[in-house]
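Inspection log for the structure reproduced underneath, given as structure tokens.
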2 protein chains.
Amino acid sequence: MSFQPVTACVLLIGNELLSGRTQDANLAHLATTLNEVGVSVREARVIPDDPKVIIETLNSVRARFDYVFTTGGIGPTHDDITAECVAEAFAVPLVMNEEIAETIRGYAKVRGMSDTVLAASLRMARVPEGARLLPTDVGAPGFAIDNVHVMAGIPAVMQSMISKLAPTLKGARPVRSRSVGAYLGESTIADALTALQNRFNDVDLGSYPFNDEGRYGTTLVARGTDEARLDAVLEALRQLIIDHGAEPLARS
Amino acid sequence: MSFQPVTACVLLIGNELLSGRTQDANLAHLATTLNEVGVSVREARVIPDDPKVIIETLNSVRARFDYVFTTGGIGPTHDDITAECVAEAFAVPLVMNEEIAETIRGYAKVRGMSDTVLAASLRMARVPEGARLLPTDVGAPGFAIDNVHVMAGIPAVMQSMISKLAPTLKGARPVRSRSVGAYLGESTIADALTALQNRFNDVDLGSYPFNDEGRYGTTLVARGTDEARLDAVLEALRQLIIDHGAEPLARS
């Protein structure tokens with residue numbers, strides 16, 4: 001594409017995502033929300049609760065992308081090691097954040113937590129020195145340091161964090177899309193689609209096969225930053241479908 | 001863990017996964033199936049339909065993991081570039097595989113495909129020189145070269161491929177799990193769980209918060225290769241829950 005995108009890498013942290021126990025529910029939501037403010041997710045990695053891997057991956061991707069967003073590993077138990085790994089990646093100490101600690105102590109009072117339980121909860125108040133807080137309406141805050149944003153793995157908490165964070169990011173022009181479907185096989189339209197992609201080289205064309213209760217078809221998706229160009233390519237895609245003897249279908 | 005695991009990296013290839021359009025449905029299935037034959041998925045990456053990124057990522061991960069499995073980008077359209085990227089990563093030519101080509105020509109005859117459509121479909125018969133085929137009951141075959149296994153992105157096709165492929169892989173002892181839940185917060189049991197993790201250092205303990213219609217709790221999961229040790233740790237986890245005044249719940 002012809003514009004300079006603002007790029008992001010998403011790190012999904014947790015053994016449970018790699019064992020098959022848990023189906024990730026965060027990447028698609030993050031990608032959609034970030035795209036709305038002009039930040040393009042260009043890569044995502046799912047990595048285990050392994051300090052060496054987390055630290056190496058963080059240091060590799062934070063140098064290569066404008067933004068990094070992590071989910072997972074910021075709870076109160078022994079397998080929640082994201083905060084200490086981020087601190088180590090940035091070579092800064094992990095410190096108790098008084099603002100988070102106060103919130104947790106407030107909860108502790110209301111819920112009548114014992115001192116032991118409070119101490120465990122306060123693990124969630126430790127952030128790398130110099131980190132900014134990421135507010136949330138649900139659970140404890142996340143934090144950011146430099147271009148790395150550390151969020152919860154629980155979808156409801158992550159969603160609250162990113163909804164507040166996204167408007168503060170410096171994005172490029174958001175990528176928009178148009179789509180249209182047809183009961184045509186991908187092979188049938190492959191050549192015409194290649195020709196269209198060459199004609200509209202400032203737009204990304206994708207083709208995705210579908211199966212509607214045994215009826216096969218293809219969804220064609222155009223993505224780009226210029227609405228007028230997208231309208232033009234959509235019209236060309238509809239004509240392509242009609243030229244191949246099928247009817248354009250509303251599909252996303 | 002105390003045994004030498006056989007490791008795998010999964011590459012999920014496709015712009016649609018990074019734009020938020022499509023929710024990945026392959027990683028959890030792959031991880032579960034591979035684990036059954038003793039292959040541990042240690043990392044997954046979601047990467048775009050970008051030749052440079054695909055080739056660099058392939059060459060980086062195939063050197064670091066025992067196995068690499070890719071999904072996506074092996075259809076007949078211009079954005080299906082996985083086969084040519086794998087060929088380039090291995091520095092071998094992309095060649096027409098006669099076995100796949102014959103299958104496609106067979107389909108073409110049955111379906112009365114035009115020559116143009118057949119030509120596009122035959123894109124799917126191109127594999128890197130020296131590749132082995134990965135059979136499937138659905139769609140066109142995938143292929144493997146060295147330790148890299150190239151599969152379809154469509155879940156039904158990928159699932160057919162991996163079901164036939166998995167039993168042929170050389171795995172270690174499969175990782176098994178035990179789990180138990182309780183209506184207890186993670187903070188409440190964090191210290192006891194850390195102590196248990198230190199006692200059972202050949203088992204991975206994970207804790208995952210849940211919310212059952214407003215009732216909060218935690219699922220505790222133990223993963224390891226020794227069934228007797230897992231039974232012992234499960235018993236200890238149940239006792240831990242009882243000691244904290246709650247009831248062990250059946251949860252996975």
Side-chain angles (χ1 to χ4, degrees), chain A residues 10 14-25 27-33 35 40-49 53 75-79 113 116-121 123-124 154 156 175 177 185-191 193-194 197 204-209 211 221 223 252, chain B residues 10 14-25 27-33 35 40-49 53 75-79 113 116-121 123-124 154 156 175 177 185-191 193-194 197 204-209 211 221 223 252:
Chain A
V10 172
N15 291 344
E16 71 279 15
L17 298 167
L18 292 169
S19 72
R21 177 183 184 273
T22 303
Q23 163 73 53
D24 165 64
L27 176 58
H29 182 90
L30 270 171
T32 308
T33 308
N35 183 58
S40 286
V41 177
R42 300 296 293 167
E43 184 166 328
R45 298 195 191 182
V46 189
I47 55 176
D49 303 315
V53 175
T77 58
H78 69 279
D79 55 342
M113 276 185 196
T116 334
V117 174
L118 172 60
S121 297
R123 271 179 66 89
M124 291 189 283
I154 301 175
V175 176
S177 69
E186 283 195 290
S187 299
T188 307
I189 50 174
D191 281 0
L193 204 60
T194 303
Q197 176 68 84
D204 270 340
L205 289 185
S207 91
Y208 307 104
N211 178 347
V221 179
R223 307 185 82 243
S252 63
Chain B
V10 172
N15 291 344
E16 72 279 16
L17 299 167
L18 290 169
S19 71
R21 178 183 182 273
T22 303
Q23 162 73 54
D24 165 63
L27 176 58
H29 181 91
L30 270 171
T32 309
T33 308
N35 184 58
S40 285
V41 177
R42 299 296 293 168
E43 185 166 327
R45 297 195 191 183
V46 188
I47 56 175
D49 303 316
V53 176
T77 57
H78 69 279
D79 55 342
M113 275 185 197
T116 333
V117 176
L118 172 60
S121 297
R123 270 179 67 89
M124 291 190 284
I154 301 174
V175 175
S177 68
E186 282 195 290
S187 300
T188 308
I189 49 173
D191 281 0
L193 204 60
T194 303
Q197 176 69 84
D204 269 342
L205 289 185
S207 91
Y208 307 104
N211 179 347
V221 180
R223 307 185 80 243
S252 63

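It should be emphasised that the depicted structure is a prediction, and the values quoted were computed from it without experimental measurement. Protein chains get the first letters and strands the later ones, always in sequence-line order, with residue 1 at the start of each.
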Testing the basics here: between A/Asp79 and B/Leu205, what is the closest heavy-atom pair and its distance to 0.1 Å?
OD2-O, 4.0 Å
Can you tell me how far CG of A/Asn15 sits from OH of B/Tyr208, rounded to the nearest 0.5 angstrom?
5.5 Å
Side-chain heavy-atom pair A/Arg21, B/Val221 within 4.5 angstrom cut-off
yes
Pick from B/Ala156, B/Ala31, B/Pro48, B/Pro76: which one has the most heavy-atom pairs with chain A under 4.5 Å?
B/Pro76
Spatial distance of atom CD (B/Glu186) from atom CE (A/Met124) [nearest 0.5 Å]
7.5 Å
Please identify, among A/Ile189, A/Asn211, A/Ile154, A/Val117, the residue contributing the most non-hydrogen atom pairs under 4.5 Å to chain B.
A/Val117
Shorter than 4.5 Å, heavy atoms on both sides: which option in A/His78, A/Glu43, A/Met113, A/Glu16 has the most such pairs with chain B?
A/His78
Out of B/Ala28, B/Gly75, B/Gly14, B/Ala119, return the one with the most heavy atom pairs under 4.5 angstrom to chain A.
B/Ala28
With a 4.5 angstrom heavy-atom cut-off, which part of B/Leu17 approaches chain A: side chain, backbone, both or neither?
backbone
Please look at A/Leu18 and chain B and tell me whether the side chain, the backbone, both or neither of the residue comes under 4.5 angstrom of a heavy atom of that chain.
both
Can you tell me which of A/Ala190, A/Ala44, A/Ala120, A/Ser177 forms the most heavy-atom pairs within a distance under 4.5 Å of chain B?
A/Ala44
Where does B/Gln197 contact chain A at under 4.5 Å (heavy atoms): side chain, backbone, both or neither?
side chain
Cut-off 4.5 Å, heavy atoms of chain B, and the answer for A/Ser252 is backbone
Could you check whether any side-chain heavy atom of A/Leu27 comes within less than 4.5 Å of a side-chain heavy atom of B/Asp24, counting everything from C-beta outward?
no
Smallest separation among heavy atoms of B/Gly20 and A/Thr32, with atom names
CA-OG1, 3.7 Å
Side-chain contact test, heavy atoms from C-beta onward, threshold under 4.5 Å: evaluate it for B/Val175 versus A/Ser19 and give yes or no.
no
